[in-house]
Amino acid sequence: MSTDEPNESRDFIRAIVTEDIASGTNGGQVATRFPPHPNGALHIGHAKAITLNFSIAEEFGGTCNLRFDDTNPGAEEQEHVDAIIEDVKWLGFDWGDRLHFTSDYFESLYAMATRLIEKGLAFVDDQDAQQMRANQGGLTEPGTNSPFRERNVEENLDLFSRMRAGEFDEGSRVLRAKIDMASPVLTLRDPIMYRIQKTRHHRTGDTWPIYPLYDFAHGQSDAIEEITHSLCSIEFVGHRPLYDWFVDALGFEKKPRQIEFSRLNLTYTVLSKRNLKRLVDGGHVSGWDDPRMPTLRGLRRRGYTPEAIREFCAGIGLTKRDNTIELARLEHSIRQDRNVRAARVMGVLRPLKVVIDNFPEGEVDELDAINSPEDASMGSRKVPFSREIYIERDDFMEDPPKKFFRLGPGREVRLRYAYFITCTDVVKDADGEIVELHCTYDPETRGGDAPDGRKVKGTLHWVSIAHAVPAEVRLYNALFTVEQPGALEEGEDFIDHLNPDSLEVVENAQLEPSMAGASPGHSYQFERIGYFCVDPDSAADRLVVNRTVTLRDTWAKLAKKEKK
RNA sequence: UGGGGCGUAGCCAAAUGGUAAGGCAGCGGCCUUUGGAGCCGCCAUUUGUAGGUUCGAGUCCUACCGCCCCAGCCA
């Protein structure tokens, strides 16, 4: 393969970075950062930003910092910092020693604010929030200047230092940039730089009674860290003029460039922190790590791997358009990953007892089963077969339709890795419910092939009753019944569209004995059913397993179509 | 009715004036000891609409239409 691929298509950001390197901007350096606000759990949308920033740094021989944007105490907690660090690491990215906090720059930012006051570019405003709102104008109306806008430098300096000293009450004064109250760009109408907030900060404690706002902190933090490309989501487009204004006004030599990209939307879920919080607080899910949540913790517990999530993020593209990725695309990423890497195992979700009448009582046959048809190096294991086994209830029909290839009265099927069996009798209880099947097996077909060359259409998974390991299996489905619960009509509440069947608990599944003692986090394919992983709720005597995703099921699709 | 961003298939997305990639989903078929996986094939005479420039337009120009963002002392 050639090393350079000039025709390889890149996204618009990589194109910009490539140009900047070629033109020698920033000395050809590339430095990015992922700047989370530590007030909640990271979700799949953040994964897009994380993957982008770290990947670009890696691809262009640059660096990527992890910086916590902790300018709003109260909303921020140390536990979120710890959780975010854990999640980014889990995703597989490394920021080396470049872990930063905007709060580390509070002293520098204060000095910068002072400098702007001295240059006549900032002033202390005594208006309260209501007055400011009344004077800010509207979308089509210019705002009006604050009556305090023309205070002299000395007075501003004095007032600002007393704000810092804690002399004033919250809300009584703010520091504002002096730009243009008539600007059609709302963010340029004398934006607030500092507010008084007497809240303990998770890192600086009670040393600051004033805190900078995002707009006065982000660009400078980028500049301090010599970030070259500051990548953020599209809703910050309108903040770019202000970002540049502060960086210019403060005279930074190396100017970071803000570039915006569209954020991720996913069908059948919500991705705003506010909505996710409602799901948790309202008890609609078990917590931030509920396997139905689109949080990284939820996805991890569900059985998603970092590789699958990274593939997803890299594969969905990068533009400035509004977009909604189908859940199927996410599922594709984990199926792809698990198909190649997950060990196969047999598990029966809804057991139906089968007695092999001609198999000797008390005898156990140890059969060879490969651990993966995709990877011979994963080896094989022994699976015990005996006279009484369980098969899946769905794998038997008393009156099977034409395209049903599984077991039925008088039909012959293969038990995976074992024998061909033929159904000879159906036992029902008083209610007509099928409680047990009787079959005969063909000893000549041991391993699953008939020496006479006869074929069977169906292959069933099974578990020996005497050897089975019971388990609780949690089957997950889409959290919502509508594609875009986050974008409903006025007056509609996304909570009303929760899927009542998003979690289905199967109490008494039966797994093959090799699953005994499987540890949390381990993931398997239950042949013919789907990918499952062991949940941390498991105890020594009680296995709990989560369904990550089903296998593609063409029979289910067919059956559904016939029904219509 | 201000400013900004964005319109390519069901969902993503490439194509940087040279004749609409690719993926997901879907639909056929082959293969199969997972109805899995894999493999093969089909799936935009046309890029929001209408004009214009050009030998040639998704790309350039004009007008219109639609969607999204901005009026927190949140980020």
Side-chain angles (χ1 to χ4, degrees), chain A residues 7-11 15 35-37 39 69-72 74-75 125 128-129 132-133 136-143 170-176 183-189 191-197 210-211 213-215 217-218 232-241 260 262 267 273 315-333 335-336 339-340 344 346 369-370 372-374 403-406 414-418 420 445 447-449 455-461 483 487 525-530 550-559:
Chain A
N7 293 323
E8 186 189 357
S9 68
R10 297 155 308 178
D11 56 73
H37 180 43
N39 70 344
D69 221 339
D70 55 351
T71 59
N72 187 17
D125 194 341
D128 63 24
M132 276 187 57
R133 204 172 306 129
Q136 75 199 346
L139 291 179
T140 58
E141 292 297 314
E170 285 188 12
S172 63
R173 276 175 240 261
V174 291
L175 182 71
R176 291 227 257 172
S183 174
V185 179
L186 267 24
T187 50
L188 256 21
R189 314 242 262 230
I192 298 174
M193 296 159 60
Y194 271 92
R195 80 283 219 184
I196 298 169
Q197 199 169 328
I210 57 173
Y211 293 94
L213 274 90
Y214 166 85
D215 284 311
H218 203 90
C232 64
S233 44
I234 203 94
E235 64 270 27
F236 289 98
V237 170
H239 293 251
R240 181 159 22 98
E260 311 84 11
S262 60
T267 57
K273 204 162 288 178
I316 54 175
L318 187 71
T319 66
K320 301 171 83 141
R321 304 176 201 143
D322 285 351
N323 65 89
T324 304
I325 309 294
E326 292 177 338
L327 222 209
R329 179 62 184 81
L330 215 213
E331 294 182 338
H332 168 76
S333 74
R335 284 200 189 98
Q336 200 82 0
N339 176 46
V340 178
R344 270 62 168 175
M346 290 194 287
I370 55 168
S372 172
E374 298 292 325
K403 283 173 181 163
F404 186 83
F405 301 154
R406 287 113 94 148
R414 171 168 40 235
L415 292 177
R416 178 129 236 235
Y417 307 122
F420 284 12
T445 59
D449 278 312
K455 302 285 185 200
V456 287
K457 281 282 228 178
T459 300
L460 274 42
H461 60 279
E483 280 201 7
Q525 182 193 104
F526 288 3
E527 293 210 40
R528 303 211 303 134
I529 303 177
T550 61
L551 249 32
R552 282 184 69 232
D553 188 344
T554 52
W555 163 245
K557 203 179 287 173
L558 238 179

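Letters A, B, ... mirror the listed sequences (proteins, then strands); counts begin at 1.
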Legend entry - A/Glu374 and A/Ser372: side chain donor to acceptor below 3.5 Å: no
Inset, instruction - Determine the contact category for A/Ile234: base if any of its heavy atoms lies under 4.0 Å from a base atom, sugar-phosphate if only primed atoms, P, OP1 or OP2 are that close, otherwise nothing. - result: sugar-phosphate
Inset, instruction - Describe the nucleic acid contact of A/Thr319 in one word from base, sugar-phosphate, nothing, applying a heavy-atom distance below 4.0 Å. - result: sugar-phosphate
Inset, instruction - Pick the P atom in B/A20 and in B/C42, then give their distance to the nearest Å. - result: 16 Å
Inset, instruction - For A/Glu331, answer base if it contacts any base atom (sugar-phosphate contacts may also be present), sugar-phosphate if it contacts only those atoms, and nothing otherwise; contact means non-hydrogen atoms under 4.0 Å. - result: nothing
Legend entry - 5' precedence on RNA chain B between A/Asp322 and A/Leu139 (nearest-nucleotide basis): A/Leu139
Legend entry - Base-pairing assignment for B/C6 (Watson-Crick or G-U wobble, both under 3.5 Å): B/G66
Legend entry - Heavy-atom pair with the smallest gap, counting every atom of A/Arg176 and A/Met193: C-SD, 3.7 Å
Strictly under 3.5 Å: I want the nitrogen or oxygen pairs between protein and nucleotides 72-75 of chain B, one per line.
from  : atom 1 : to       : atom 2 : distance (Å)
B/C73 : N4     : A/Gln127 : O      : 3.4
B/C73 : N4     : A/Ala129 : N      : 3.3
B/C73 : N4     : A/Gly171 : O      : 3.0
B/C74 : OP2    : A/Arg195 : NE     : 3.1
B/C74 : OP2    : A/Arg195 : NH2    : 2.8
B/C74 : O3'    : A/Arg195 : NH2    : 3.4
B/C74 : O2'    : A/Asn72  : ND2    : 3.0
B/A75 : OP1    : A/Thr71  : OG1    : 2.5
B/A75 : OP1    : A/Arg195 : NH2    : 3.2
B/A75 : OP2    : A/Tyr214 : N      : 2.9
B/A75 : O3'    : A/Asp69  : OD2    : 3.1
B/A75 : N6     : A/His239 : NE2    : 3.0

Inset, instruction - Could you check whether A/Arg406 gets within reach of a base, just the sugar-phosphate, or nothing at all, counting any heavy atom under 4.0 Å? - result: base
Legend entry - N/O (side chain, A/Thr554) to phosphate O (OP1/OP2, B/G36) under 4.0 Å: yes
Legend entry - Separation between the P atoms of B/C30 and B/G36, rounded to whole Å: 13 Å
Inset, instruction - Please state the C1' separation for the pair B/U53 and B/C60 - nearest whole angstrom. - result: 8 Å
Legend entry - Set of residues satisfying salt bridge (charged side-chain N to carboxylate O under 4.0 Å, His left out) with respect to A/Arg240, sequence neighbours excluded: A/Glu260
Inset, instruction - Would you mind classifying the nucleic acid contact of A/Phe404 as base, sugar-phosphate or nothing, using non-hydrogen atoms under 4.0 angstrom? - result: base
Legend entry - Anti versus syn assignment for B/G72, with syn defined as within 90° of 0: syn
Inset, instruction - Write down the atom of A/Thr71, the atom of A/Arg195, and the distance for their closest heavy-atom approach. - result: O-NH1, 3.4 Å
Legend entry - Euclidean distance for C1', B/U62 against B/A57 (whole angstrom): 15 Å
Inset, instruction - Ignoring backbone atoms, test whether A/Arg321 places a side-chain nitrogen or oxygen under 4.0 Å from the OP1 or OP2 oxygen of B/A13. - result: yes
Protein-nucleic acid N or O pairs under 3.5 Å, nucleotides 22-29 of chain B:
from  : atom 1 : to       : atom 2 : distance (Å)
B/G26 : OP1    : A/Lys557 : NZ     : 2.9

Inset, instruction - Taking atom types as modelled, find out whether A/Asp69 and A/His218 have a side-chain donor-acceptor pair closer than 3.5 angstrom. - result: yes
Inset, instruction - Remember a base hit wins even if backbone is also touched, and classify A/Ile325 as base, sugar-phosphate or nothing at under 4.0 Å, heavy atoms. - result: sugar-phosphate
Legend entry - Distance test, side-chain N/O of A/Thr187 to OP1/OP2 of B/C70, below 4.0 Å: no
Inset, instruction - Tell me what A/Arg189 touches on the nucleic acid: a base, only sugar-phosphate, or nothing, going by heavy atoms under 4.0 Å. - result: nothing
Inset, instruction - Determine the contact category for A/Pro373: base if any of its heavy atoms lies under 4.0 Å from a base atom, sugar-phosphate if only primed atoms, P, OP1 or OP2 are that close, otherwise nothing. - result: base
Inset, instruction - Would you please classify the geometry between the A/Phe236 ring and the A/Tyr214 ring as parallel, tilted or perpendicular, with 30° and 60° separating the classes? - result: tilted
Legend entry - Nucleotide paired to B/U47 in any strand shown, Watson-Crick or G-U, under 3.5 Å: none
Inset, instruction - Could you work out the separation of B/U1 and B/G10 based on their P atoms and round it to a whole Å? - result: 29 Å
